[in-house]
Amino acid sequence: MTALLEVEDLHVWFELPHRGELHAVQGVSFSLDPGERMGLVGESGCGKTTSILALMGLLPPNASVQGRVRIDGVDIMAGGEESIRPHRWREVAMVFQGAMNALNPVQRVGTQIIEPMELHGFASGDAAVRRTGELLELVGIPAAAADRYPHEFSGGMRQRAAIAMALACEPKILLADEPTTALDVMVQAQILELLKSLSAELGLALVLVTHDLPVVAQVCQRAAVMYAGRIAEAGPIDVLFHEPRHPYTRLLFAATPDLYGDQQVVSIPGAPPRLDQEMVGCPFRDRCDVVMDVCATVDPALVDVGVDAGPSHLAACHRNDVVSSV
Amino acid sequence: MKITAEPGVVPDLDRPRGRGGLLWDTIRRQKAASVGAAIIFTFLILAVFAPLLAPSGPRTQVGPVYGPLSAQHWLGLDDGGIDMVSLLFYGARISMIVGAAAALVATVIGGLIGITAGYVGGRVDGFLMRVTDYFLVIPDLVLMIVIAAIWGPALTHIILVIGLLLWTSTARIVRAQVMSVRERVYVKRARSLGCSHLRIVFRHVLPQIAPLLIANVVLTVAVAIFDETALAFLGLSDPTAISWGTIIEHGFLRQAVSYGAWWAIVPPGICVALLIMGCYLFGQAIEDALNPRLKVAHLSIKGFKVRPADGGKP
Amino acid sequence: MAVRGTDYVLKRLFFALITVFVAVTINFVLFRMLPGSAVANLARVPHASPALKAELTREFGLDKPMWQQYVIYLGQLAHLHMGVSWVSDSHQPVWHYLRGKLANTIPMAALGTAVAIVIGIASGVLSAWRRGSKSDHVSTNIAIAFYAVPTQWLALMLLILFAGVLPANGMHDPFAVGASGWASFVDTMKHMILPSTAFALTLYGEYTLIVRSSMLETLGEDYVLTARAKGLSSWAVVRTHAARNAMLPTTTLIALSLGYIVAGAILIETVFTWPGIGLATYQAVVSQDYPVLQGTFLILTISVVFFNLLADLLYYKLDPRISA
């Protein structure tokens with residue numbers, strides 16, 4: 001049975017202005033079923049935002065992409081910009097960081113929500129206006145607010161409006177890039193609850209990109225931890241917390257005393273490796289507290305380390321080879 | 001004639017870097033900047049070495065009125081029978097001197113006002129910015145004409161008149177930069193160590209705003225040259241001075257067009273245009289390099305590339 | 001929200017009035033207060049009879065203290081008394097003289113400016129959209145070239161190139177006496193072609209550069225990425241989102257170019273002997289007709305302030321963040 005969203009071996013390179021290229025995403029793979037909510041976690045610069053931008057083909061002209069992105073079995077990436085464009089907003093939509101600027105300040109909110117509906121032939125005229133009102137009510141904003149301009153909304157309301165806008169064409173997949181970073185804690189909790197309930201009610205698959213672990217815990221069932229452009233570990237949330245199989249995951253979660261509180265990720269000493277140079281071995285080895293000799297020479301593969309018959313739990317660490325070989 | 005570019009954000013460098021680094025970087029990397037610099041430099045050489053390079057003197061009659069192009073006189077002769085090529089060489093001197101001097105006056109005034117407004121803030125800032133706004137709106141050239149007409153024709157007058165009206169863009173840009181730099185950590189540190197305000201301005205603020213200031217000076221020179229050419233055309237410049245502007249003025253007044261002597265008018269205009277272009281290219285390239293908002297573009301003609309699955313590049 | 005909007009309009013109106021006041025005061029200082037100033041120094045009035053001198057002294061209060069002169073001056077301005085021309089035989093009142101000249105300038109300048117704005121916006125938007133491409137480089141460099149070229153030289157070039165083909169002098173054919181209304185109108189239009197073209201060419205370069213720069217900044221905004229994410233084509237994004245937003249700073253910057261328009265008027269009218277207020281300024285300079293020179297300065301400055309105010313109001317209309 002094919003999953004709703006299948007990402008296979010996704011690579012993204014950025015051409016640098018004066019020579020060379022940055023390998024921002026290095027072979028990311030994951031899949032999502034309808035109604036599933038997955039978190040994509042990591043430090044800034046780890047490639048999580050680039051990955052989801054790549055899913056919608058929202059990359060600059062100096063970018064090169066490789067890999068397969070399948071929605072309902074159809075590879076939308078194969079033909080580049082032209083093949084992806086029809087799928088935008090229709091099957092996969094996005095909520096950006098800080099709806100402060102993501103909404104056009106000189107257009108009414110309602111107009112911006114109707115725009116994709118008419119563009120994709122989803123609804124037009126009165127039907128579109130009605131649907132806009134319904135969407136706004138769905139996210140907890142009075143329908144009359146459609147006539148207002150973005151600057152008249154508070155930060156939280158703006159983000160809700162952005163979510164309503166994302167749902168305009170009934171997409172199957174919603175990508176959210178740090179949707180609550182710029183908001184205060186109370187509003188944050190509300191928005192996250194909203195995303196969770198929308199996903200449950202509408203069967204929406206959700207990819208939530210964030211550096212904030214409690215956020216992931218509140219909303220998602222699964223998470224993938226990214227480091228230096230690759231997935232270090234992926235699996236159900238509580239498994240990652242209780243039985244992490246990658247030193248990075250362990251350090252991340254251990255550094256967060258109360259997972260259900262409002263702690264930010266505490267940074268681990270050292271810095272991620274440069275992505276413009278090919279790296280041999282494990283990218284985490286310079287900051288790892290349990291590094292071994294083999295880590296410097298052999299790339300750890302992402303392998304299944306889960307207990308049989310449970311949901312898949314993948315990790316890319318040589319330590320697991322040691323364990324399983326015992 | 002004014003391009004009022006929005007003040008860019010000063011890049012937050014850990015330590016105040018000398019201006020040499022950023023400038024040379026931009027010149028090397030941006031084609032526009034190097035072309036502009038090359039043009040400016042060429043004219044500079046022509047002006048400085050005019051007596052050596054020019055075929056004859058700027059007041060020496062070598063032929064008839066409006067003599068045509070010939071092998072000895074590549075650009076013909078003007079209304080006084082003087083070789084046009086020589087006139088252009090010598091004209092470069094006054095045009096560039098007036099342009100540079102006026103820009104200097106404007107920069108000093110604008111810099112002082114900008115630094116004071118940005119650093120002191122509060123009421124002083126409010127007042128100075130009001131004044132700047134008034135001068136921004138009042139049409140420059142008209143006021144220059146009026147002042148020059150009353151004051152009388154002299155090069156120093158022209159320099160001061162132009163300089164007194166071109167400081168507004170400098171003041172705005174400097175003020176914006178100073179305000180942003182004022183909040184930087186190392187400035188606050190210096191304050192807490194007891195550094196005097198003057199010392200802070202000179203040692204910390206100025207080096208940070210230097211690249212943008214240089215870009216602004218160059219752009220001001222361009223406008224100053226344009227204004228000098230216009231004032232000269234209207235007869236308000238020193239009649240004994242030879243600048244590209246006065247050459248065009250003489251051509252106009254002495255009916256060069258009726259004589260069909262286009263060479264008395266076309267070349268000096270091309271020189272002015274080239275030099276202004278050079279200044280604009282250079283100055284604007286630096287300003288653009290310092291403006292981070294111009295670096296990101298979410299839209300472009302070319303799309304991203306897709307690599308085939310076998311790993312080879314398309 | 002309405003209060004904020006009206007607030008803005010009132011503030012801009014007040015600013016416009018103060019600026020006019022500043023200009024008026026500068027005028028007074030230059031012409032009356034400075035040593036050897038033009039009006040006070042009656043010796044400068046050519047062929048001034050004792051009667052005229054006495055008349056001038058009385059009218060301007062030249063024997064009164066400076067502050068009183070200032071008050072008299074303001075009062076006179078309010079009644080549009082700008083003195084009389086020293087040059088024309090009939091010593092024509094300045095305002096009546098310049099009023100007609102201004103009426104000649106406006107259609108010619110307006111036509112040129114309108115064409116320049118249209119071409120400037122079109123080429124600026126296209127250049128920004130196709131940033132880095134060959135057409136962008138060509139368009140931008142041509143714009144820079146036209147921006148750099150001295151206005152009077154550009155006018156002279158047109159004169160040289162088209163003198164035989166199009167009328168290049170004045171506003172009317174001096175030999176077409178008693179022509180019908182329509183023929184006279186066509187004649188004026190024909191005379192307007194070269195000066196308006198000079199206007200358009202000298203202005204469009206700067207506008208292209210302003211619009212392009214404004215567009216480039218807009219294209220880096222997040223809502224442009226959102227629009228692209230919705231599935232709009234590049235051109236649709238430019239048309240519906242970017243262009244509108246880029247027009248906001250563009251309006252402001254075009255307003256700042258009004259001074260340049262005025263300068264252009266003076267230079268172009270001089271070359272083509274177009275009987276407008278620009279030519280009047282030039283003639284006043286040449287003949288040292290200071291009352292007229294003062295008059296042109298005031299009229300031109302007030303025009304610029306007025307159009308600036310219009311631009312402010314337009315901005316207010318376009319930006320919902322202010323008008324709500």
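Residue numbering restarts at 1 for every chain, and letters A, B, ... go by the order of the sequence lines. Values below: every heavy atom of this structure, side chains too, minus hydrogens, waters and symmetry copies.
Of the listed residues (C:L156, C:V262, C:V224), the greatest number of heavy-atom pairs within a distance under 4.5 Å of chain B belongs to C:L156. Of all the listed residues (C:A145, C:A23, C:A242), the one sharing the greatest number of non-hydrogen pairs under 4.5 Å with chain B is C:A145. Contact tally against chain C (heavy-atom pairs below 4.5 Å) for B:V272, B:V266, B:I248: the top residue is B:V266.
Only the side chain of C:I26 comes within contact range of chain B, judged by heavy atoms closer than 4.5 Å. Neither the backbone nor the side chain of C:L258 comes within contact range of chain B; no heavy atom of the residue lies under 4.5 Å from a heavy atom of that chain. Of the atoms belonging to C:V20, not a single heavy atom falls under 4.5 Å from chain B. Neither the backbone nor the side chain of B:L231 comes within contact range of chain C; no heavy atoms are under 4.5 Å apart. Both the backbone and the side chain of B:L143 come within contact range of chain C, judged by heavy atoms closer than 4.5 Å. Looking at C:S133, there are no atoms closer than 4.5 Å to chain B (heavy atoms on both sides), in backbone or side chain. For chain C, the nearby part of B:V257 is the side chain; its heavy atoms alone come within less than 4.5 Å. For a residue to count as touching a neighbouring chain, one of its non-hydrogen atoms must lie under 4.5 Å from one of that chain's; by this rule C:V305 touches chain B with backbone and side chain alike. For a residue to count as touching a neighbouring chain, one of its non-hydrogen atoms must lie under 4.5 Å from one of that chain's; by this rule B:Y134 touches chain C with backbone and side chain alike. In this structure, chain C has a heavy atom under 4.5 Å from the side chain of B:L236, while its backbone stays farther away. Neither the backbone nor the side chain of C:T218 comes within less than 4.5 Å of any heavy atom of chain B. Heavy atoms closer than 4.5 Å to chain B are found in the side chain of C:R228, but not in its backbone.
Atom CZ of C:F15 sits in a crowded spot, with more than 12 heavy atoms from other residues, nucleotides or ligands closer than 6.0 Å.
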Just do the side-chain contact (heavy atoms from CB on, under 4.5 Å) check on C:V271 and B:F233 with the steps written out, would you? CA-CA 10 Å; C:V271 170; B:F233 182 72; 3.6 Å; yes
Given the rule in the side-chain contact (heavy atoms from CB on, under 4.5 Å) test, do B:I138 and C:T19 qualify, once you have shown the distances and angles that lead to the verdict? CA-CA 8 Å; B:I138 292 177; C:T19 311; 4.1 Å; yes
Assess the residue pair C:Q152 and B:T229 against the criterion (side-chain contact (heavy atoms from CB on, under 4.5 Å)); give the C-alpha distance rounded to whole Å, side-chain angles, the decisive distance to 0.1 Å, and a yes or no. CA-CA 9 Å; C:Q152 69 273 27; B:T229 311; 3.2 Å; yes
Check against side-chain contact (heavy atoms from CB on, under 4.5 Å), B:F226 and C:T151: CA-CA 9 Å; B:F226 186 91; C:T151 310; 3.3 Å; yes
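The shortest heavy-atom contact between B:M277 and C:N141 is CE-O, 4.3 Å. Across all their heavy atoms, B:A273 and C:A148 have their closest contact at O-CB, 3.4 Å. Heavy-atom minimum distance, C:G259 versus B:P139: CA-CB, 3.9 Å.
Atoms CD1 and CZ, on C:I18 and B:R130 in that order, are 10.5 Å from each other to the nearest 0.5 Å. Here the straight-line distance linking atom CH2 of B:W151 with atom CG of C:L30 works out to 10.5 Å at 0.5 Å rounding. To the nearest 0.5 Å, atom CG of residue B:L234 and atom OG1 of residue C:T270 are 5.5 Å apart. Rounded to the nearest 0.5 angstrom, B:D140 CG and C:Y260 OH are separated by 12.5 Å. To the nearest 0.5 Å, atoms CD1 (C:I160) and CD1 (B:I265) are separated by 5.0 Å.
Using a 30° and 60° split on the angle between ring planes, C:Y147 and B:Y280 fall in the perpendicular class, above 60°.
The stretch residues 11-21 of chain C participates, sequence neighbours left out, in these salt bridge (charged side-chain N to carboxylate O under 4.0 Å, His left out) pairs: C:R12-C:D312.
Side-chain contact between B:I145 and C:F297 is absent, with no heavy atoms from C-beta onward closer than 4.5 Å.
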